[in-house]
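The structure displayed is predicted, hence computed values, not measured ones.
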Amino acid sequence: MNRPDTDPYRMLIDGKWVDGSTGERFDSIDPYRRQPWASLSQASDDDVDHAVRSARAAFENTWRKTNGGERARLMLRLADLIDAEAPHLARLETTDNGKVIRETTRQMGFAARNYRFLAGQADKLYGQTIPLDNANLFDFTLHEPAGVAALLVAWNSPIQLLTNKLAPALAAGCTVVIKPSEHASVTTLELARLAEEAGFPPGVINVVTGDGRVGAALTAHPDLDLISFTGGQRTGRLVAKAAAENLVAVALELGGKSPNIVFADADLDTAIPGALAGIFAAAGQTCIAGSRLLVERPIYETVLERLGERTAAIRLGDPLDPDTEMGPVANQLQYDTILDYIAAAKGDGARLLAGGGPVDDPELPTGYFVQPTVFADVTSDMKVASEEVFGPVLAVLPFDGEDEAIHIANATQYGLASGLWTRSLSRAVRVAREIRAGTVWINTYRTNAAQAPFGGYKKSGFGRERGLDSLHDYLRVKNVMADLSEDIGDPFSMRV
């Protein structure tokens with residue numbers, strides 16, 4: 001497959017495409033070839049400050065005064081441009097992070113759908129009138145934009161993760177400074193180009209690129225009103241600490257160790273493909289990966305046999321090839337981390353059912369390929385069952401009965417997503433109520449909708465993305481109370 005060719009990328013600040021003030025640049029690495037393929041600017045602290053000040057000026061002078069109908073028009077135009085550019089965007093994102101082209105193409109369409117859905121809310125941010133005990137008082141609320149938001153996005157699904165934040169921010173009337181991962185920045189810059197083409201005013205959308213120094217400078221900036229971050233726990237703690245220092249609101253999505261539960265009465269012809277897709281799609285590099293497969297003991301060996309056969313048949317290859325089922329992992333650091341977790345699982349005594357190491361295939365280039373790996377007889381105290389691997393590694397745990405399934409499912413610090421497979425509607429509802437996770441899928445997995453809220457429990461973070469709930473983080477409620485009486489009486493009395 002031909003690889004995309006790109007020019008050196010610049011940053012977008014105050015409606016202008018600029019190089020970093022120091023002239024420093026860095027390369028993005030194609031994980032399939034392990035070769036540089038795009039050159040990007042490294043932002044300095046001054047560049048970050050410039051971007052925040054530009055976002056503040058655009059918010060105060062332009063965007064917060066722009067009515068919801070006009071914001072919606074621009075968002076709908078952006079959605080149309082994403083649809084028109086979807087094949088190009090998908091190729092760029094696949095080249096940047098190794099995710100298979102079939103998935104990145106679908107994600108572009110899903111991103112456009114999210115902009116359209118939330119555009120429909122931009123002119124419907126209604127307040128309410130509130131009847132008070134005192135009939136002479138008239139009370140109502142206003143929903144107003146929070147202000148300037150810093151949006152920090154991970155490398156595994158840049159366009160989709162950015163859309164989860166940018167769409168509600170724009171609909172609410174916020175301006176933004178976006179910091180994509182240094183491992184996958186290209187499509188974020190391409191989206192900013194489309195936003196510029198759509199007609200968003202200068203400074204409403206700003207993008208600064210670079211390594212962790214840029215994220216640290218941005219989250220520590222004193223003139224932010226909101227920080228939204230998607231990534232790992234370690235960085236999430238640093239973001240939360242920086243937000244606390246400046247008393248800035250923060251929303252975090254910090255990954256998961258999601259249980260996928262297969263009961264003995266499940267339809268295995270759908271449950272097993274669902275389990276495989278839940279972990280090996282995106283090479284396991286998704287926060288909602290069903291990385292813990294809980295299987296009821298009467299069907300345990302049957303499920304293991306079918307899992308092993310199907311896992312061994314997964315087609316690895318060029319992620320730009322539509323026939324490829326799993327591509328490489330995204331970068332060297334993640335590659336090394338995944339192999340360390342595989343070694344730890346072997347050392348802990350888990351039974352290796354499939355895979356178990358790097359790919360040794362002369363047909364493939366020297367990409368970051370890890371074999372789709374399945375471990376059986378895993379227990380909850382093993383590292384592979386308790387920590388987020390973020391790779392194509394499935395831990396299978398047996399259970400006896402509904403209560404034990406719930407106990408194992410909840411025996412984790414995370415609470416982002418979960419799934420269960422059963423023909424019993426009553427069991428499905430009971431178990432869904434007991435699982436401590438922000439999403440519960442029943443007889444499906446990794447199925448998303450623009451209307452459905454997404455977010456975590458426990459140490460998977462807080463705040464919600466997508467759906468109407470996503471607007472809450474980007475809005476502030478103002479209460480307005482008016483005295484309609486002519487005689488205010490004693491000005492020092494509390495008038496209730």
[X] versus [Y]: any side-chain heavy-atom pair under 4.5 Å?
X      : Y      : value
Leu92  : Glu190 : yes
Arg436 : Lys458 : yes
Val204 : Thr62  : no
Leu475 : Glu144 : no
Glu325 : Phe280 : no
Tyr368 : Tyr32  : no
Arg64  : Pro145 : yes
Ser181 : Thr188 : no

Aromatic ring pairing Phe200/Trp63, orientation class (parallel under 30°, perpendicular over 60°, tilted between):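 The rings of Phe200 and Trp63 sit tilted, inter-plane angle from 30° to 60°.
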Is it the case that [X] and [Y] place a side-chain donor and acceptor less than 3.5 Å from each other?
X      : Y      : answer
Asp318 : Thr324 : no
Arg25  : Ser41  : yes
Ser157 : Lys99  : yes
Ser418 : Ser258 : no
Asn164 : Gln160 : yes
Trp37  : Asp96  : yes
Ser44  : Asp47  : yes
Asp49  : His221 : yes

What's the separation between atom [atom1] in [X] and atom [atom2] in [Y], rounded to the nearest 0.5 Å?
X      : Y      : atom1 : atom2 : answer
Tyr115 : Asp83  : OH    : CG    : 12.0 Å
Leu40  : Leu189 : CG    : CG    : 6.5 Å
Thr235 : Leu152 : OG1   : CG    : 9.5 Å
Ile159 : Thr187 : CD1   : OG1   : 4.0 Å
Met326 : Ile314 : CE    : CD1   : 6.5 Å
Phe462 : Tyr457 : CZ    : OH    : 15.5 Å

Check against ring-ring contact (aromatic ring centres under 6.0 Å, His included), Trp155 and Phe390: CA-CA 12 Å; Trp155 45 259; Phe390 218 67; 5.5 Å; yes
For the side chain of [X] and the backbone of [Y], is there at least one donor-acceptor N/O pair under 3.5 Å apart?
X      : Y      : value
Gln285 : Ala330 : yes
Asn114 : Phe110 : yes
Ser54  : Val52  : no
Arg292 : Leu394 : no
Thr219 : Gly215 : yes
Arg77  : Ala198 : no
Gln334 : Val389 : yes
Asn206 : Gly203 : yes

To check you understand the geometry: which heavy-atom pair defines the closest contact between [X] and [Y], and what is its length?
X      : Y      : result
Pro328 : Ala283 : O-CB, 4.3 Å
Ala51  : Val208 : CB-CG1, 3.8 Å
Val177 : Leu218 : CG1-CD1, 3.8 Å
Ala111 : Thr163 : CB-OG1, 3.4 Å
Leu416 : Gly256 : CB-CA, 4.3 Å
Gly255 : Tyr414 : O-CD2, 3.5 Å

Are there over 12 heavy-atom neighbours, none belonging to [X], within less than 6.0 Å of that residue's [atom1]?
X      : atom1 : answer
Asp323 : CG    : yes
Lys124 : NZ    : yes
Arg315 : CZ    : yes

Show which side-chain atoms of residues 268-277 pair as donor or acceptor with protein atoms under 3.5 Å away, not counting sequence neighbours.
| residue | atom | partner | partner atom | Å |
| --- | --- | --- | --- | --- |
| Asp269 | OD1 | Arg306 | NH2 | 2.8 |
| Thr270 | OG1 | Asp267 | O | 3.0 |

Test applied, side chain to side chain contact (heavy atoms under 4.5 Å, CB included); reference residue, Pro168; option that passes from Leu471, Leu468, Asp473: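 That would be Leu471; it is the only one of Leu471, Leu468, Asp473 passing the side chain to side chain contact (heavy atoms under 4.5 Å, CB included) with Pro168.
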Using distance only, find each side-chain donor-acceptor pair of residues 446-453 under 3.5 Å and give its atom names and separation, not counting sequence neighbours.
| residue | atom | partner | partner atom | Å |
| --- | --- | --- | --- | --- |
| Arg446 | NH2 | Glu103 | OE2 | 2.6 |
| Thr447 | OG1 | Thr444 | OG1 | 2.6 |
| Asn448 | OD1 | Arg466 | NH2 | 3.2 |

Any salt bridge between [X] and [Y], counting N to O under 4.0 Å?
X      : Y      : answer
Glu196 : Arg193 : no
Glu387 : Lys257 : no
Glu24  : Arg213 : yes

side-chain hydrogen bond (donor to acceptor under 3.5 Å, both in side chains) assessment of Lys165 paired with Ser228: CA-CA 7 Å; Lys165 305 174 189 303; Ser228 180; 2.9 Å; yes
Evaluation steps, side-chain hydrogen bond (donor to acceptor under 3.5 Å, both in side chains), between Glu93 and Thr104: CA-CA 7 Å; Glu93 191 147 298; Thr104 55; over 6 Å; no
Trace of the salt bridge (Lys or Arg N to Asp or Glu O under 4.0 Å) decision for Arg53 with Asp46: CA-CA 10 Å; Arg53 286 188 289 106; Asp46 287 342; over 6 Å; no
Charged tip of Arg34 within 45° of Tyr335 ring normal and under 6.0 Å: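 That pair qualifies as a cation-pi contact.
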